[in-house]
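One structure below.
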Amino acid sequence: FRKKYRKQSGIRLWTVKLSQLQDIVYGEDTGEKILIIGKEVDSDLDGDYNELYKILLIDPLDGTISDEHVLWENDKENFNFRMFYTFDDIYLLDASTDKIRQLQAIDKTTGTIKWFQTYPEDMFIRGNPVDIIQYNSNIIVPLGESLVCVNQSNGEEIWLFEYIDDVDGIKQLQQDGLDNKSLSFISDDDEYVVFDLVDHEVVFQEEIESDNAMHIHRW
């Protein structure tokens with residue numbers, strides 16, 4: 001079930017039963033729409049199974065399902081849902097299958113796959129708060145030893161920077177570290193690092209002298 005309550009009074013406005021989904025793995029409420037990602041599992045007489053991940057878009061006013069798209073169809077593979085992003089005109093699924101990282105961009109309007117890219121999986125960076133960054137009409141994908149910038153519309157690589165020569169891994173990198181033409185993050189060595197997105201070079205790098213948890217926010 002998915003329920004919606006009025007903020008001021010707590011009165012329940014509507015309830016929608018998502019009986020077609022065995023498991024909900026992601027959800028977000030933008031105010032204009034509610035987005036749910038859930039998993040269906042079907043099996044045949046031979047015991048073979050098929051996992052189907054779906055995007056459901058729910059109208060926040062009345063709870064009706066306004067649209068739905070197939071996000072991923074998985075047959076006997078070691079699929080691992082990692083992260084989901086909403087970038088302008090696309091939905092972006094960040095997932096793993098065995099030792100391969102897979103990015104799949106879905107058109108928000110039609111639900112069709114716009115592009116698909118694969119990279120080597122890196123479990124060290126997966127365990128840290130390291131996100132894919134939206135930068136103008138592109139996205140920046142942090143990998144185990146490099147930053148890759150790809151075109152948001154077609155997935156084509158624009159540039160690649162191997163940061164491993166300057167930085168020993170990325171500990172924290174999130175969207176609010178983006179400031180105009182630079183991107184700030186924290187390295188595995190607890191360094192504050194600023195990367196120039198135009199010249200593709202590290203322009204500042206200094207050790208953080210603090211035992212407390214850190215979070216980068218640029219304004």
Side-chain angles (χ1 to χ4, degrees), residues 2 18 20-30 32-43 48-58 65-161 170 173-175 178 183 197:
R2 180 74 184 186
L18 305 176
Q20 70 270 47
L21 302 179
Q22 280 77 31
D23 189 21
I24 294 176
V25 296
Y26 181 86
E28 66 178 42
D29 187 346
T30 65
E32 297 180 356
K33 66 176 180 295
I34 297 172
L35 185 148
I36 301 292
I37 297 178
K39 179 174 66 174
E40 293 182 3
V41 179
D42 296 322
S43 59
D48 295 332
Y49 67 91
N50 183 61
E51 293 180 344
L52 189 68
Y53 287 80
K54 280 188 175 181
I55 301 174
L56 301 182
L57 300 177
I58 301 175
I65 297 175
S66 58
D67 206 355
E68 65 178 81
H69 306 302
V70 174
L71 178 63
W72 184 274
E73 188 168 2
N74 174 46
D75 184 15
K76 292 184 177 179
E77 294 187 47
N78 188 21
F79 178 85
N80 194 338
F81 181 97
R82 295 292 187 176
M83 187 60 70
F84 185 82
Y85 302 87
T86 54
F87 291 147
D88 296 334
D89 59 340
I90 67 167
Y91 298 122
L92 183 67
L93 171 67
D94 185 2
S96 300
T97 304
D98 295 324
K99 296 181 180 180
I100 302 298
R101 181 176 185 176
Q102 306 193 17
L103 299 184
Q104 179 173 283
I106 300 97
D107 188 290
K108 280 188 178 181
T109 303
T110 64
T112 58
I113 298 174
K114 298 193 72 171
W115 54 266
F116 185 86
Q117 287 282 12
T118 61
Y119 303 98
E121 184 59 284
D122 186 282
M123 298 310 297
F124 292 102
I125 204 167
R126 282 297 196 188
N128 294 330
V130 176
D131 295 334
I132 293 173
I133 307 298
Q134 185 178 34
Y135 171 58
N136 294 334
S137 58
N138 306 318
I139 59 174
I140 299 173
V141 184
L143 301 176
E145 297 185 350
S146 62
L147 297 173
V148 180
C149 181
V150 302
N151 185 291
Q152 182 175 288
S153 297
N154 56 32
E156 292 182 358
E157 183 178 307
I158 298 173
W159 53 260
L160 181 146
F161 176 75
I170 298 178
L173 189 156
Q174 294 171 303
Q175 185 70 42
L178 179 68
L183 181 63
L197 293 167

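Heads up: numbering here begins at 1 and tracks the sequence.
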Roughly how far, to the nearest 0.5 Å, is [atom2] of [Y] from [atom1] of [X]?
{"X": "I133", "Y": "C149", "atom1": "CD1", "atom2": "SG", "answer": "11.5 Å"}
{"X": "S137", "Y": "D88", "atom1": "OG", "atom2": "CG", "answer": "9.0 Å"}
{"X": "Q102", "Y": "D94", "atom1": "CD", "atom2": "CG", "answer": "10.0 Å"}
{"X": "L178", "Y": "L183", "atom1": "CG", "atom2": "CG", "answer": "6.0 Å"}
{"X": "T97", "Y": "E121", "atom1": "OG1", "atom2": "CD", "answer": "9.5 Å"}
{"X": "I37", "Y": "D23", "atom1": "CD1", "atom2": "CG", "answer": "11.5 Å"}

Backbone of [Y] reached by a side-chain donor or acceptor of [X] within 3.5 Å:
{"X": "Y85", "Y": "I132", "answer": "yes"}
{"X": "D107", "Y": "T109", "answer": "yes"}
{"X": "Q104", "Y": "L93", "answer": "no"}
{"X": "N128", "Y": "I170", "answer": "yes"}
{"X": "D122", "Y": "F124", "answer": "yes"}

Which atoms form the tightest heavy-atom contact between [X] and [Y], and what is the distance?
{"X": "W115", "Y": "L92", "answer": "CH2-CD1, 3.8 Å"}
{"X": "R82", "Y": "S96", "answer": "NE-OG, 3.1 Å"}
{"X": "I106", "Y": "K114", "answer": "C-CG, 4.3 Å"}
{"X": "L173", "Y": "P142", "answer": "CD2-CG, 4.2 Å"}
{"X": "A105", "Y": "I90", "answer": "CB-CD1, 4.0 Å"}

Review point. Hey, does D89 have a side-chain heavy atom less than 4.5 Å from the side chain of Q152?
Key: yes
**Study point:** Name of the residue among F79, F84, Y91 meeting ring pair (Phe, Tyr, Trp, His ring centres under 6.0 Å) with W72
**Key:** F79
Point to revise | Pairing of K33 and D67 as salt bridge, 4.0 angstrom limit | key: no
Check your understanding: Given E156 and I158, is the side-chain contact (heavy atoms from CB on, under 4.5 Å) satisfied, shown in steps?
Key -> CA-CA 6 Å; E156 292 182 358; I158 298 173; 5.9 Å; no
Check your understanding: Are side-chain N/O atoms of Q117 and Y119 paired as donor and acceptor at under 3.5 Å?
Key -> no
**Study point:** Residue pair L143, L160: steps toward the side-chain contact (heavy atoms from CB on, under 4.5 Å) verdict
**Key:** CA-CA 10 Å; L143 301 176; L160 181 146; 5.7 Å; no
Practice item. Go through the steps to decide whether V148 and E157 satisfy the test side-chain contact (heavy atoms from CB on, under 4.5 Å), and finish with yes or no. Key: CA-CA 7 Å; V148 180; E157 183 178 307; 4.0 Å; yes
Check your understanding: According to the interplanar angle, ranging from 0 to 90°, do the rings of Y53 and F81 count as parallel (below 30°), tilted (30 to 60°) or perpendicular (above 60°)?
Key -> parallel
Check your understanding: Should we say atom CD of Q134 is surrounded by more than 12 heavy atoms from elsewhere, each under 6.0 Å from it?
Key -> yes
Review point. What's the verdict on side-chain contact (heavy atoms from CB on, under 4.5 Å) for L197 and W159, showing C-alpha distance, side-chain angles and the deciding distance?
Key: CA-CA 10 Å; L197 293 167; W159 53 260; 4.1 Å; yes
